[in-house]
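Notes for the one structure printed next.
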Amino acid sequence: MTLQVLLVEDDTALGNTLRDALLVEGYAVHTAASLSEARALAAHAAPDLVLLDLGLPDGDGEALLASLGQRAGTPVLLISARHGEQQKIALLDAGADDDLVKPFSVGELLARLRVALRHRGTRLAPAVTRWRSGPLAVDLAARRVLLDGAPVHLTPTEFGLLARLVRSACQVVTHRQLLADVWGADFTAHTHDLRLYMGQLRAKLEAEPAEPQRLLTEPGVGYRLVEGEPDPDAGLMRS
Amino acid sequence: MRNALLTAISHDYRTPLATILGAASSLQDQGQRLDAQQRGVLAGRVVQEANHLARLTDSTLQLARLDAPGVVLRRDWESAEELVGAVLRRARQRSPDRPLRARLEPGLPLLHCDAMLLIQLLDNLVDNAIRHTPPDGPIELLVRRAPGAGDAPPGVVLAVRDRGPGVPPAWRERIFEVFQRGDTATGAPPQRHGTGVGLAVCRAIARAHGGELRLQARGHGGSSFECHLPGAAQPAPGQALA
């Protein structure tokens with residue numbers, strides 16, 4: 001089955017480059033140059049994934065996200081400019097799945113696309129209860145964490161934080177989402193607590209906490225739990 | 001400032017642009033007559049120089065932004081370990097063969113800073129070290145506590161240290177000025193040429209945080225770029241739900 005990608009990009013040169021790269025990979029591509037065009041296309045084309053540039057002339061993308069929300073499970077990958085963090089974070093909080101910062105390589109784009117598609121529909125699917133990556137195994141139901149087969153003792157908050165990341169494995173989870181879900185709605189400004197507990201979690205689960213292999217920092221945005229080594233294709237087009 | 005920026009832009013941007021135009025037009029005009037390896041080399045050059053231009057653009061825009069009156073930092077509580085981790089990750093992707101390591105003093109206080117800016121600062125310093133020291137030369141990211149003055153909470157020093165050729169004393173301050181670069185005719189260090197706006201934006205970021213960026217020569221050769229940041233009273237921990 002050919003996967004359908006809805007590409008929302010108002011810059012013609014970048015749009016054409018991305019479209020051609022996606023076509024070469026075997027995706028079917030629908031392109032829209034504005035949010036209104038994107039909403040119309042999304043209603044008819046039933047895309048498997050939406051690639052949304054945040055710098056569109058006719059809005060900030062929230063409305064498109066809301067209309068896609070009615071067909072929950074369609075991953076939305078944001079394309080953002082550096083210094084556009086506020087809008088990007090707002091959309092990630094509103095349910096977008098991941099973001100790519102311009103400029104990016106085609107290799108990075110394709111890697112993120114594959115991750116988003118692999119996790120497509122997980123928000124609707126029965127909750128993930130077991131997760132494994134290399135030496136790390138997490139059983140959410142039993143509240144058990146094993147590293148190299150040996151049990152790791154986590155405090156309730158550390159476990160809560162890890163569990164929240166496991167439920168969105170491979171995707172970026174914003175500071176606000178983590179604080180709201182683990183600490184509670186009144187604590188969304190408590191970034192300092194998040195830093196301290198993430199430090200503790202890394203000290204217990206990472207061989208080299210200053211160079212984490214799984215619990216990655218997305219600076220200014222949040223955290224991402226990844227499955228061991230990053231996708232080798234991600235660096236393909238880089239120098 | 002405006003003139004300095006324009007000079008920096010015209011000088012620093014033309015070289016990578018010329019390389020990109022040369023390689024891309026060669027692919028366009030001669031592509032049929034080149035073999036796959038030659039095409040690969042040209043395409044690689046376009047990617048490499050475009051990445052360099054992207055970094056230069058970030059630095060130049062940031063410098064203009066920090067120079068504007070009433071600049072507002074997006075400060076939040078950040079862990080030095082995370083900032084260093086993000087910088088190391090990027091550097092390893094760019095230069096997989098370069099020996100890089102981090103050394104962090106245990107129990108560092110959290111920093112109240114703009115994470116994107118501090119990452120840009122460290123990223124530029126690491127890139128600078130990579131470009132101006134031999135390919136097998138080790139680079140170290142060091143973070144340690146610095147005693148605060150009087151009753152002030154302890155600050156933090158973030159340092160990027162190399163074992164490269166170093167910078168002659170006459171240039172240790174001037175390399176932070178916008179568009180100062182080595183000039184062999186006046187006996188300045190040709191090794192450090194091309195820092196352009198890179199180090200100027202680093203210093204502007206440190207100062208915007210009430211800190212300072214300095215270059216120290218190292219005992220057995222090499223440079224240590226040291227960013228001193230003032231400390232901040234640590235917030236009280238909250239109680240989690242879980």
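Reminder, nothing fancy here: chain letters follow the sequence lines and each chain counts from 1. Note: hydrogens, waters and symmetry copies are ignored here, and every other heavy atom, side chains too, is used.
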*asked:* Restricting to non-hydrogen atoms, name the atom on A:A210 and the atom on B:L88 that form the minimum distance, rounded to 0.1 Å.
replied: O-CD1, 4.4 Å
*Can you see which heavy atom on A:P103 is nearest to which on B:A54, and at what distance?*
CG-CB, 3.6 Å
For [X], is it the side chain, the backbone, both or neither that has a heavy atom under 4.5 Å from a heavy atom of chain A?
X: B:A43; answer: neither
X: B:R65; answer: side chain
X: B:R90; answer: side chain
X: B:E78; answer: both

Roughly how far, to the nearest 0.5 Å, is the [atom2] atom of [Y] from the [atom1] atom of [X]?
X: B:L110; Y: A:T191; atom1: CG; atom2: OG1; result: 10.0 Å
X: A:L196; Y: B:W77; atom1: CG; atom2: CH2; result: 10.0 Å
X: A:E208; Y: B:R101; atom1: CD; atom2: CZ; result: 10.5 Å

*Is any NZ, NE, NH1 or NH2 atom of the basic residue among B:R92 and A:E211 found under 4.0 Å from an Asp or Glu carboxylate oxygen of the other?*
yes
*Electrostatic pair A:R195:B:E81 at N-O distance under 4.0 angstrom*: no
*asked:* For a side chain to side chain contact (heavy atoms under 4.5 Å, CB included) check, start with the C-alpha distance between A:H192 and B:Q234, then their side-chain angles and the critical distance, and finish with the verdict.
replied: CA-CA 9 Å; A:H192 53 282; B:Q234 300 289 297; over 6 Å; no
*Check each atom of A:L216 against the heavy atoms of chain B and say whether the ones under 4.5 Å are side chain, backbone, both or neither.*
side chain
*Is it the backbone or the side chain of A:F104 that comes under 4.5 Å from a heavy atom of chain B, or both, or neither?*
neither
*Relative to chain B, which of A:P209, A:A189, A:G220 shows the most heavy atom pairs under 4.5 Å?*
A:P209
*Heavy-atom pairs under 4.5 Å with chain B are the metric here; pick the option from A:E218, A:M198, A:K102, A:R202 that has the most.*
A:R202
